[in-house]
Structure formats: C-alpha cells, structure tokens
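Quick notes on the structure that follows.
Throughout, a chain's letter reflects where its sequence line sits, starting with A, and its residues are numbered from 1.
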Amino acid sequence: MIDIKVIREKPDLVKKAVVDKGMNVDIDRVLSVDARRRELETEFNELRHEQKQAGEKIAQAPKEQKAELSKATGQLKGRIKQIEEERARVDAELHELMLLVPQIPHPDAPIGPDESGNVEIRQVGKPRTKADFGFEFKDHVELGTRLKLFDMERGVKLAGSRNYVLAGYGSMLHEAVLRLAWDMMVERGWTPLTVPVLVSEELMIGTGFFPLHRDEVYLAERDEMCLVGTSEVPVTGLHGDEILELDELPKKYFARSTCFRREAGAAGKDTRGLYRIHYFDKLEEVVLCAADPEESAKHHAEILQNAEDLLQALELPYRVVEVCTGDMGQSKVRQYDVETWMPSREMYSETHSASRYHDFQARRLKLRYRDADGRVRVCHTLNSTVVASPRILIPLLETNQNEDGSVSIPAALRKYMHGVERIG
RNA sequence: GGAGAGGUGGCCGAGCGGCUUAAGGCGCCGGUCUUGAAAACCGGUGACGCGCAAGCGUCCGGGGGUUCGAAUCCCUCCCUCUCCGCCA
C-alpha cells in the first residue's frame, strides 16, 4: 500500500503507475472517497467532542438535574451512530481501493506491457545448445528417469498433476543445492529463520499477495489459513505491527521453506518435468531497512549478488534481466530476474527474482522504525531467491550430463553429496 | 479437546462506570553535578487520524451491545499461560 498522501499530492504520478503497470483501479474514485472520509472524520470529531463535554457536565451536576441533562444529550447518540455507520462504509471502500493501488515504479525501470519489455542487463557464462554437447542430448526428465533421480508418474499418483517424487541421488542433489546456499548465507552473516508456511490471510494481504493473487494460493478454508508460495511472507511479516529501533536495522534474514503454488491460469503450460510444479523448496533472503531509497538500492544489489554468486558456485550460465513495469506486479518498485540457461528449453528461464518494494509491504504490515529524530517511519523491504529446487536441477542435470547418460556433480556440491562426483 | 487464569503505552504494572488528561516503575532522551563516567536529582518521553495552526478526536486483544458517559458492565470471537487428555 502506498501513502495516501502521495495520491492526494501527486495523483498524476499514481495514475501513470496504474497505466504503466497495467493495473485496474480508479484513482479519481480513491480521491473522492478519501475526501468524503475526511469530512466524516471532522464531523465525527466535533460531535464526539460535544458529547464528551456534555458528559462532563452531567458528572458534575447536582443529582436532581442529571436526568434532564441526560435526556438532552441523548439526542447526540443517534447522530453519532449515523455518522459512524457511514464512516465505516466509506472506510471499507477506501481500504479496498487502496489495496489495489500499485506501488510507483522506479523512474529508471523500463516501461513495458509484459515479459517482452524486460531488458537484459548482462550474461554470465557460456550457454550451450543441444548441438553443442556433441552427443545425443537428453533433457532432465530423461536423465532423471534413467538415473532414478525422480519419479514423475508416482508423484502424480500421490497428488495429481505437477507433482513429483525425488529419490536417491535426486533427493540428495536437491538437498545439496539448498545446503550450499544455506551455508553461503550463514557465512555472509545473514540470520537463518525457520518459519510457519501455513499463515493467516491477514499476512497474505500484508505482503501484497492478496487480494490480487488469491487464485494462486492454496487455502485451508476451514481454518482460514493459507499455504505460502514463498517464505518471503512469514519472514517479511516477522516484525509486522512493531516499531523497530534504528540500530536494529537492517535486518538481514533468510529462510528455507516448502513453497506451494496452485499454478492457476497456467493450465497446459510447461507441463513437462520439474519446471512448473505445485510444490518446491526455496531459500529466500529478506531485508528490512530504513526508508532510504539509496539504502534500498544498495541492499538490492547485494541480494542480487548473492543469487548470482550461488549460480557461479554451481557453474551455471545465466543472465540478469531488469523486469519492466508491466511484468513486475503491483507491489514492486524495481525488480531483477535471474534466468539460468536451460539447454532443453534452449533459452534462459527464470530461476531467481530479486525485488525492491520500498514501503509497499511495510505499510500494509505496519512494519516501522524510529529514525534518528525519534519519528516513526515505515520501513523498506526487499527480497530475493537464493536458490529454488528442484527447478534449478533442470540446468544442473542437463548442463553436466555426459555421453554415457551419467551426470557429473559440480565441485561445490560434492561435500553435500558424500563425495559423489558422478551419478550413473 | 476439557477445566481454570489472563490479554492495559517500548517493557513491567495499577485501574474494575464520570476526579484517567491511563497512576507508578523500568527503559530511553535532555539537563544539573563531575576532569570524564556512574550514581543521585530535575524535566521530557505512546500510536493513529483530522487540521496551516491552536487544537480536536480515536485506540486499553478483535468485533458487537448496554449507558447521557465504558479500559471498567454484558455478548461473541481470537490469543497467551497453568493443569488434564491426545500426540511427532
């Protein structure tokens, strides 16, 4: 949620953000509802003041006058109730509208309608096409099935489409990648957290996933709980409703969790293999910092660097893309995706996403801090994937395959693989 | 799941219909004293909304109700703690 003052003072800027991000919310309606709310607020304040003063008089009056005075003041009650009811309605409408207003994108973010407007920033490593392998290339499904690393059919038997079972070295490799990332983040001084993955709806609103992306989330409706699609949700919400001290910031957290995604609206898309699946595990890094765009930018560079360093440790070619306004979603100021080269897809595909939110999530979460002057201010938040598996196993297996169908293990992972250097 | 006790400002904690403008303490900030610090003493110190401001209002777990007036009484939901049950 953005500060309503920004809408009052710079409505055109907000309207432009609505257009650039392809959102659907009537900013003029927001302004008129806001104006009405302020009117009612003032009116309510005045009536309430009158009521309190009258009450004081009654308290001090001699007994025999109390009944009469009470009767006179009683009339205020009805009017106040009327105002209160209208205010409740107007507040609710304003709140609903505000939940739809987008964060204003960074002026340097590329403007574009969708993925096609994203801008490549750099490539690292040399991608190889299927032909470059010099032998009959096998995709990760073929490799994994032959080497018994995973079992797609039985995954479907257990839980329907887009489910899978990792087994043996497949399961080990999955853990190895996550543990490599875990150790890297601990060594860099980040604080690991273990957090709930079944959370309240309130937290989904607070982190900006609801109301717009409700369809993409699994709901445990009987208990009014939601399965998170990323540990960003509980980690960012950790200090919600708090006022942190300046010297506590920045908070640099990471958490591993299973992530659940309905993939609604993706029917028939990316159906083969481990690319688009209903559950996976992810290490997510989250920063809570002071409300300073420069500091935000600094942390943004750092979380992106962590993601890149992980891929470099895995020796996988990738590129960094700056995500355009139409593709970054409602809540972000600026976003970089890291796309790893996937030989079977013959393209770079998203494996990481590093986002900067400024105060969007923090305002919804009431995540604040006291600045050097003692003023209460809304924090900035950021987050990025460190690694998500099994998606990352796609390029890992495909890139490291040998002619005989075996797969070599990159050096960085061997200590987590009990020294195994080659599978098959 | 059953029984009981509770949820009050950054923290602890009093208050149980109108002298609450939420006491008191801790913490924090400023001052006095001191070579400096500590201690002591003095003063200040909640969040949110409306307003140019003076100021006014809201908030005592959430929601609803009673009353001229609610932190205080009633209903309801949530959460925490203790004991019992179940259990990885």
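For the 3.5 Å distance criterion, the side chains of A:Y369 and A:H239 fail to qualify, holding no donor opposite an acceptor. Side-chain polar atoms of A:N306 and A:E302 form no donor-acceptor pair below 3.5 angstrom.
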Q) When you check every protein heavy atom under 4.0 Å of nucleotides 44-51 of chain B, what one-letter string (B, S, -) results, 5' to 3'? A) ---SSBSS
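Contact of the A:I409 side chain with the A:N400 side chain is not registered, since no non-hydrogen atoms from C-beta on lie closer than 4.5 Å. For the pair A:Y318 and A:T351, the minimum side-chain heavy-atom distance is 4.5 Å or more. Counting heavy atoms from C-beta on, the side chains of A:E322 and A:R334 come closer than 4.5 Å.
Looking at A:D28 and A:K15, a side-chain N of the basic residue comes within less than 4.0 Å of a carboxylate O on the acidic one, giving a salt bridge. With respect to A:R214 and A:E201, a salt bridge is recorded, a charged nitrogen being found less than 4.0 Å from a carboxylate O. The pair A:R38-A:E41 does not meet the salt-bridge criterion, since no charged nitrogen lies less than 4.0 angstrom from a carboxylate oxygen. The pair A:E350-A:R391 does not count as a salt bridge, with every side-chain nitrogen at least 4.0 angstrom from each carboxylate oxygen.
The separation between A:R48 atom CZ and B:C68 atom P is 14 Å, rounded to whole Å. Between A:K81 atom NZ and B:C68 atom C1' there is a gap of 15 Å when expressed in whole angstrom units. The distance from atom NE2 of A:H49 to atom C1' of B:A54 is 13 Å, rounded to the nearest whole Å. One interatomic measurement links the two molecules: CG of A:D241 to P of B:C11, which rounds to 11 Å at whole-angstrom precision. At whole-Å resolution of the value, CG in A:L246 and C1' in B:C29 are 15 Å apart. Regarding A:L244, its CG atom lies at a distance of 16 Å from the C1' atom of B:C28, rounded to whole Å. When rounded to the nearest whole Å, the span between CD1 of A:I80 and P of B:G65 equals 14 Å. The nearest whole Å value for the distance from the CD atom in A:E85 to the C1' atom in B:G65 is 13 Å.
Taking a pair to require two hydrogen-bonding distances under 3.5 Å in either a Watson-Crick or a G-U wobble arrangement, B:C68 pairs with B:G18. In this structure, B:C11 forms a base pair with B:G25, meeting either the Watson-Crick or the G-U wobble geometry with both donor-acceptor distances under 3.5 Å. Applying the Watson-Crick and G-U wobble criteria (two distances, each under 3.5 Å), B:G36 pairs with nothing in any strand. In this structure, B:C87 makes no Watson-Crick or G-U wobble pair, since no nucleotide meets both defining distances under 3.5 angstrom. When both distances must be under 3.5 Å, the Watson-Crick or G-U wobble mate of B:C41 is B:G31. Across all strands shown, B:G51 remains unpaired; no Watson-Crick or G-U wobble contact has both distances below 3.5 Å. Nucleotide B:G4 forms a pair with B:C81, judged by Watson-Crick or G-U wobble geometry with both contacts under 3.5 Å. The partner of B:C59 is B:G46, judged by Watson-Crick or G-U wobble contacts that both fall below 3.5 Å.
As judged by a 4.0 angstrom heavy-atom cut-off over every strand, A:Q51 is placed among residues touching the sugar-phosphate backbone only.
For the P atoms, the distance linking B:G44 with B:U8 amounts to 26 Å, nearest Å. Nucleotides B:A70 and B:U20, compared at atom C1', are 12 Å apart to the nearest Å. Across B:C41 and B:C48, the matching C1' atoms stand 35 Å from one another, rounded to whole Å. If you take atom C1' in B:A37 and the same atom in B:G15, they sit 40 Å apart, rounded to whole Å. Here, B:G4 and B:C11 have their C1' atoms 27 Å apart, quoted to the whole Å. For the P atoms, the distance linking B:A14 with B:A23 amounts to 14 Å, nearest Å. Rounded to the nearest Å, the gap between the C1' atom of B:C26 and that of B:G46 is 15 Å. The gap from the C1' atom of B:G61 to that of B:C78 amounts to 8 Å, rounded to the nearest Å.
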Might you list the N or O atoms of the protein lying below 3.5 Å from N or O atoms in nucleotides 72-77 of chain B, with each pair's distance?
none

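Ring-plane geometry between A:H140 and A:F150 is classed as tilted, the angle between the planes lying from 30 to 60 degrees on a 0 to 90 degree scale.
Each of A:H380, A:R368, A:Q103, A:R364 was evaluated against A:D359; a single residue qualifies, A:Q103, per the side chain to side chain donor-acceptor pair (under 3.5 Å) test.
Distances shorter than 4.0 Å separate none of the side-chain N or O atoms of A:K366 from OP1 or OP2 on B:C59.
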